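What you see below is based on every heavy atom in this structure, not just the backbone, and it leaves out hydrogens, waters and symmetry mates. None of the values given here were measured: they were computed from a predicted structure.
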Amino acid sequence: MKLAVLPGDDIGPEITDATLVVLEAADRAFGLGLDVDVHEVGMASHRKNGTTLPDGVLQAARAADGIVLGPGGMTLYPPREEGGINIPGTIRKELDLYANIRPARSRPGVPNARPGLDAVIVRENTEGFYADRSLFMGYGEFMPTEDVALSLRKITAKASRRIGRAACEVARERNGHVTMVGKRHVLQVTDGLFMREVEAAAADFPGIELNEIDVDAMAADIYLRPERFDVILTTNMFGDILSNLAAALSGGLGLAAALNVGDRHAAANAGHGSAPDIAGQGIANPSGLIMSAALLLRWLGTTHQSPAFGAAASAIEGGVDAALGVADSRTGDLGGNGSTRRFAEAVAANLQAGE
């Protein structure tokens with residue numbers, strides 16, 4: 001099973017190396033037959049090749065069975081015409097990774113985690129208010145005069161229905177409840193279309209309970225009553241905001257795991273940035289990317305009907321939980337005194353102990 005690994009920028013190579021420590025341990029323990037191919041991207045690639053994402057790397061990602069993406073420091077990239085390509089955004093678009101799956105839950109031993117939180121946010125990835133993906137040609141923000149700026153929101157029936165199906169499939173494996181999040185009474189046309197298509201998709205899933213909540217009410221409720229939520233389904237920008245909120249409520253953004261999924265491809269991509277302020281210090285929390293890799297293994301197991309991958313994913317998640325419960329392995333952002341490498345080794349040791 002070939003994995004294309006793109007470490008990214010800043011803390012990206014550090015947490016990617018930590019993730020590979022865990023994947024190698026899982027490979028040994030469960031006989032996964034992983035073939036890992038690491039490709040340099042980001043500013044390191046730009047300095048050598050004049051682009052943050054060489055064409056050959058994109059081709060390798062398309063040919064791989066799965067992809068592991070470290071965070072990119074896109075804020076400091078040069079303009080696109082000078083080779084500053086948004087790596088995760090381009091891979092999502094080129095491989096049509098339309099579903100962003102973001103689990104968030106509280107864990108014993110993690111300070112500041114909100115008790116009762118155990119939810120998965122399913123975020124539509126390809127359209128919405130994001131100006132880089134709302135038009136076939138051109139950009140979705142513009143200024144008709146020097147004093148007026150406009151932004152377009154794109155919602156389509158096709159994208160809404162398929163993300164609705166994706167959410168129902170996740171809910172079917174959990175507690176069977178999907179909460180649609182939007183602002184339908186204000187965004188009557190676009191959210192109206194989104195909710196209509198999600199309701200149509202849910203009709204094909206008997207037993208799935210579907211309800212709706214406004215995004216502002218959701219921001220309060222997930223804090224006050226997190227136990228009420230199972231699968232949370234929403235559009236692109238709302239999902240981006242709510243998934244970071246949920247990660248914070250689970251203890252911190254370092255815990256933000258994410259899987260970007262399409263019909264034929266999937267990419268593990270932690271839901272946090274590249275943290276240049278702590279790069280090179282060995283203190284970055286790798287748990288988000290490690291758990292993203294576990295999500296990728298589970299997807300590979302389902303896609304290729306290989307139970308060993310699902311078992312490895314569960315073992316990694318259990319190993320992360322165990323390591324997070326020990327202050328000596330937990331990183332400083334979560335109140336521990338561990339390092340990036342020590343955390344990864346603690347997770348890997350838990351896997352080996354379970355062989």
Please check if L3 and L97 belong to a single hydrophobic cluster, counting links between Ile, Leu, Val, Met, Phe, Trp and Tyr side chain heavy atoms closer than 4.5 Å.
-> no
So which of H46, R47, K48 actually passes side chain to side chain donor-acceptor pair (under 3.5 Å) with E40?
-> K48
Above 12 or not: heavy atoms from other molecules or residues under 6.0 Å from CZ of R264?
-> no
Looking at P88 and M74, what are the two nearest heavy atoms and their distance?
-> CG-CE, 3.9 Å
Flag yes if more than 12 heavy atoms outside N337 fall under 6.0 Å of its CG atom; otherwise flag no.
-> yes
Is it true that a side-chain atom of R330 and a backbone atom of G109 form a donor plus acceptor pair closer than 3.5 Å?
-> yes
Could you walk me through whether D17 and R341 pass the salt bridge (charged side-chain N to carboxylate O under 4.0 Å, His left out) check?
-> CA-CA 8 Å; D17 286 347; R341 184 77 181 189; over 6 Å; no
Given R105, which of D321, D118, D230 fulfils the salt bridge (Lys or Arg N to Asp or Glu O under 4.0 Å) condition?
-> D321
Do R92 and Y130 meet the cation-pi criteria used here (NZ or CZ under 6.0 Å from the six-membered ring centre, within 45° of the axis)?
-> no
Considering all heavy atoms of both residues, which atom of Y223 and which atom of P226 are nearest to each other, and what is their separation?
-> O-CD, 3.5 Å
Any chance the side chains of S314 and R298 put a donor and an acceptor closer than 3.5 Å?
-> yes
Can K183 and D216 be counted as an ion pair, charged N to O under 4.0 angstrom?
-> yes
Between R342 and D328, is there a salt bridge with N-O shorter than 4.0 Å?
-> no
Any side-chain donor paired with an acceptor under 3.5 Å for S287 and N285?
-> yes
No-hydrogen, no-angle side-chain donor-acceptor test under 3.5 Å, N100 and N125 | no
Closest non-hydrogen atom pair between I316 and A26, with its separation | CD1-CB, 4.1 Å
Quick one: do the S45 and N49 side chains pair a donor with an acceptor below 3.5 Å?
-> yes
Minimum heavy-atom distance between G72 and Y77, given as atom pair plus value = CA-OH, 4.0 Å
Between N269 and P71, is there a donor-acceptor pair closer than 3.5 Å when you use the side chain of the first and the backbone of the second?
-> no
Looking at L53, V38, D37, which one forms a side chain to side chain contact (heavy atoms under 4.5 Å, CB included) with L6?
-> L53
Can a donor-acceptor pair be found between the side chains of T190 and R153 at a distance below 3.5 Å?
-> yes
Please examine the side chains of V41 and T52, heavy atoms only from C-beta on, and report whether any two atoms are closer than 4.5 Å.
-> no
Hydrophobic cluster membership, V57 vs I85, 4.5 Å side-chain cutoff | yes
Which heavy atom in E14 sits nearest to a heavy atom in Q281, and how many Å separate them?
-> OE1-N, 4.0 Å
Pair T234, E124: side-chain N/O donor-acceptor within cut-off below 3.5 Å | no
Row check, Y98 ring normal vs R162 NZ/CZ: under 6.0 Å, within 45° = yes
Pairing of D191 and R196 as salt bridge, 4.0 angstrom limit = no
M43 and L69: same hydrophobic cluster, using ILVMFWY side-chain contacts below 4.5 Å?
-> yes
Pair N211, T179: side-chain N/O donor-acceptor within cut-off below 3.5 Å = yes
Do D65 and K2 meet the salt-bridge criterion of a basic N to acidic O distance under 4.0 Å?
-> no
If you look at every heavy atom in A313 and A294, which pair is closest and at what distance?
-> CB-O, 3.2 Å
S243 side chain to R102 main-chain N or O, any donor-acceptor pair under 3.5 Å?
-> no
Indicate, with yes or no, if L296 and F309 share a hydrophobic cluster defined by side-chain heavy-atom contacts under 4.5 Å among Ile, Leu, Val, Met, Phe, Trp and Tyr.
-> yes
